[in-house]
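Not measured: the values here are computed from a predicted model. Throughout, numbering of the chain's residues begins at 1 and tracks the sequence. Just the heavy atoms: all of them, side chains too, but no hydrogens, waters or symmetry mates, feed the values below.
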Amino acid sequence: MKRLTLLLFLWLGCTIAMTVTAGIVGLSINKESGIYEKGERAVVTCHTDIAPADSLLVSVSYNNKVGKTFSILPASADFTVLEQSLDSTCAVSVEVKDCQGASASIGYVVAPEGFRAGYEEPADLMDYWGNLKQQLKALPMQVKTTPLTVPQQYQDKYTCEDVEINCLGPAPMRAYVAKPVGAKEKSLPIIILCRAAGVKGDWCRCSVNECVGNSALGNGALSLDLNAHGMLNGQSDDYYKMLEDGLLNKYWEYNAADRETYYFRGMYLRVLRAIEYMTSLPEWDGCRLLVIGESQGGGQAVAAAGLDPRVSAVVLNVPAMQDLGGARQGRLSGWPQPIENHQDLSSAQLDNTLPYFDGSQLIRHTKAEIFCEIGLIDTTCPPSAVFSSLNNAQGKKTIKCVPYRTHAWPSGDLRPHWEENYLHPREAFINNYLK
């Protein structure tokens, strides 16, 4: 087959060109937002520079379960793949694959306000966490700080420290903390950055550059970059590989049958300890406390907001730990999808633990403003799980759905469109909030 130039079209005249080797298919939908009403006609179309010479396989999934598959042999380079209207709440994804195995996907949601969490809120949810918060507050903070060298462009303007604080559970709270030099009392907002899943990757580890960069946002801020596990900061790659292969190997599976030892209990408590420390700093303005997180970091951000009313805004990027009980409703649960992955545990064991750590339950207890990005072909943190959580939130919400986004950031020729329409608005929200 010859080389193809493919186009992914978005509504309102927005066109993205992708030049790739033969076999990849470009898909589009007739509504840029990716959100449809019940009964509204959704059309998925395809474009290639020549008509495909062989049949294409189409798979359509509803709430992450394959609903139908069929083949199509287009007579032209532009053709309709699927046209349908649905009368019930649903997340739909469409994949088109050629005979060589190359594929493209796109997604949309119908009436997402109808998604409901798989679990009901436990009657003692806030009592459970309230008791832990009392224990945490009763534990005197033992703070150890180590000065760090900041990037040259920030020298004499910002300071940064490696901070370690004792916490409930097996690991302390460890983070980097940065702030402007000479800041006045009660003058600055707080930014807490929570890290995504994993151990050894750059995205899992505290960064002086990011911490100080966040401190420079708006008109300046108190910035904390929190590692999720309480592990040492600033160590060699071998140290983090040792943890990932050993003590923290598949940590998200640890003790899912016991709410007192479930791994995420300690993780959420470290977030609360971080808030306790940052709000004790004299420079905090006593008003603005923003928590930012992607994937697992988004799950931590939701927990922070639900468990501490001082959190005034959260920025979520494909957040995990939402709708952990989705499988109870026949959907894919949010990461780490414990019901699906713990076949050795009984339903009763899981159901006695998971609701206490489910963001879709904790989010009910915050009035924080929320900015959230959702990938409509994300199978790690599926849109049904994220909407199930957001529908329980009380505060103002800005929701951005990306029809072509998986769990990862879009790359290649899709990247500029994503940056302009999703990344930059997120950055603008953060800066505007901090001014």
Side-chain angles (χ1 to χ4, degrees), residues 143-165 167 171-181 183 188-218 220-244 248 251 267 270-271 273-275 277-278 281 289-301 304 314-320 373 407-409 411 415 419 423-424 426-427 429-431 433-434:
V143 182
K144 176 184 176 182
T145 62
T146 303
L148 299 169
T149 301
V150 303
Q152 186 173 1
Q153 69 267 32
Y154 296 120
Q155 289 180 4
D156 301 322
K157 299 177 182 178
Y158 299 87
T159 62
C160 190
E161 296 177 321
D162 188 352
V163 177
E164 177 183 321
I165 305 174
C167 191
M173 190 287 298
R174 289 189 171 112
Y176 288 164
V177 175
K179 59 184 178 181
V181 172
L188 298 176
I190 291 170
I191 301 175
I192 294 178
L193 174 63
C194 297
R195 290 287 173 171
V199 179
K200 68 181 181 181
D202 290 341
W203 61 90
C204 316
R205 293 147 63 173
C206 295
S207 162
V208 173
N209 283 355
E210 285 189 68
C211 188
V212 179
N214 283 342
S215 186
L217 294 176
L222 299 169
S223 168
L224 182 142
D225 184 345
L226 176 67
N227 85 57
H229 308 295
M231 58 191 181
L232 292 170
N233 292 317
Q235 304 300 299
S236 67
D237 290 346
D238 288 342
Y239 167 79
Y240 298 105
K241 185 178 186 303
M242 175 189 67
L243 287 178
E244 185 167 271
L248 296 178
Y251 62 85
M267 187 181 291
R270 288 188 286 276
V271 177
R273 196 62 152 175
I275 294 174
Y277 175 70
M278 294 299 283
L281 299 179
L289 201 171
L290 170 65
V291 187
I292 302 172
E294 179 170 359
S295 191
Q296 175 186 268
Q300 295 170 78
V314 290
V315 172
L316 309 174
N317 189 13
V318 292
E373 180 179 331
H407 194 60
W409 286 20
S411 59
R415 184 62 174 262
E419 288 185 350
L423 178 61
H424 293 167
R426 184 200 314 159
E427 293 171 338
F429 174 88
I430 293 171
N431 272 299
Y433 187 81
L434 296 173

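Atom OG of S215 is separated from atom CG of L222 by 7.0 Å, given to the nearest 0.5 angstrom. Rounding to the nearest 0.5 Å places OH of Y277 at 13.0 Å from CG of L226. Atom CD in E161 sits 8.0 Å away from atom CG in L148 (nearest 0.5 Å). Distance check: I430 CD1 to I292 CD1 gives 4.0 Å after rounding to the nearest 0.5 Å. Note that CD of E164 and OG1 of T145 are 10.5 Å apart. Values are rounded to the nearest 0.5 Å. Residue L290 holds its CG atom at 7.0 Å from OH of Y433, rounded to the nearest 0.5 Å.
In this structure, V150 and K157 have side chains that are not in contact, with every pair of non-hydrogen atoms separated by 4.5 Å or more. Considering only heavy atoms from C-beta on, H229 comes within 4.5 Å of M267 through its side chain. Here the side chains of C204 and V199 are not in contact, with every heavy-atom distance at 4.5 Å or above. Two residues are said to be in side-chain contact when any heavy atoms from C-beta on lie closer than 4.5 Å; K200 and L243 fail this criterion. Side chains of D202 and S207 form no contact here, defined as non-hydrogen atoms less than 4.5 Å apart. The side-chain heavy atoms of Y176 and E210, taken from C-beta on, include no pair separated by under 4.5 Å. For the pair P189/I191, no side-chain contact is recorded, criterion being any heavy-atom separation below 4.5 Å from C-beta on. The closest side-chain heavy-atom distance from L224 to I190 is not below 4.5 Å.
The side-chain contact (heavy atoms from CB on, under 4.5 Å) test with P180 is passed by exactly one of L188, V212, T159: L188.
A perpendicular orientation is assigned to the rings of Y158 and Y154, their planes being inclined by more than 60° (bins at 30° and 60°).
Salt bridge R195/D225: present, at least one basic N to carboxylate O contact under 4.0 Å.
Remark: side-chain polar atoms of R270 are paired, donor with acceptor, to backbone N or O of A228 under 3.5 angstrom. At distances below 3.5 Å, not a single donor-acceptor pair connects side-chain atoms of R205 with backbone N or O atoms of N233. Side-chain N or O atoms of N431 include one that pairs as donor or acceptor with a backbone N or O of G218 at under 3.5 Å. With hydrogens and angles ignored, the 3.5 Å screen pairs no side-chain donor or acceptor of S295 with any backbone N or O of P319. At least one donor-acceptor pair under 3.5 Å links the side chain of S223 to the backbone N or O of C211.
What you find for Y239 and M231 is that their closest heavy atoms are OH-CB, 3.8 Å. Nearest approach of C167 to R273, heavy atoms of both residues: SG-CB, 4.0 Å. Residue A175 comes nearest to C206 through the heavy atom pair CA-SG, 4.1 Å, listed as atom of the first residue, atom of the second, then distance.
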| request: For D156 and V181, run side-chain contact (heavy atoms from CB on, under 4.5 Å): C-alpha distance rounded to whole Å, both residues' side-chain angles, the deciding distance at 0.1 Å, then the answer. | output: CA-CA 7 Å; D156 301 322; V181 172; over 6 Å; no
